[in-house]
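Down below is the structure, laid out as structure tokens.
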Amino acid sequence: MVDVNGSQRAEEPVLLVRRRGGPTDGWGDGCHLVPLPDGTRSALVALCGERIDVGTAELLPEPDGVPCVACLVIGVPIAGD
């Protein structure tokens with residue numbers, strides 16, 4: 001499924017990921033939705049298009065901090081989809 005911006009909506013499992021050591025300005029780095037990787041990439045690509053190097057990715061067991069609004073808009077199904 002493709003949204004109006006051409007991004008794909010998550011129809012498969014996604015991970016909650018943020019960049020480790022992100023900004024310390026009170027906002028930090030957002031919590032992104034990342035499709036489950038196949039294990040062959042050096043970077044993860046969130047639903048919003050944000051690239052996160054595997055070495056700096058922090059997997060989160062639950063939402064923590066500021067969510068990436070773009071990931072939420074793209075990843076959450078709309079009623080009737």
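Fair warning: this is a prediction, and the values are worked out from it, not measured in the lab.
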side-chain hydrogen bond (donor to acceptor under 3.5 Å, both in side chains) partners for Asp53, two or more places apart: none

Give, for atom CG of Leu33 and atom CG of Leu15, the distance between the pair rounded to the nearest 0.5 Å. 9.5 Å

Mind checking the CD-CG spacing from Glu58 to Leu16? Nearest 0.5 Å is all I need. 11.0 Å

Out of curiosity, Leu59 CG to Leu44 CG, how far, rounded to the nearest 0.5 Å? 7.5 Å

With heavy-atom distances below 4.5 Å as the criterion, would you say the side chains of Ile52 and Val17 are in contact? yes

Rounded to the nearest 0.5 Å, how far does CG of Leu60 lie from SG of Cys31? 5.0 Å

Report yes if some heavy atom in the side chain of Val34 is under 4.5 Å from a heavy atom in the side chain of Val14; otherwise report no. no

Test your reading of the model: is there a side-chain donor-acceptor pair from Arg51 to the backbone of Val45, 3.5 Å cut-off? no

Using 0.5 Å steps for rounding, measure from the SG atom of Cys68 to the NE2 atom of His32. 5.0 Å

How close do Pro35 and Leu47 get, heavy atom to heavy atom, and via which atoms? CG-CD2, 3.8 Å

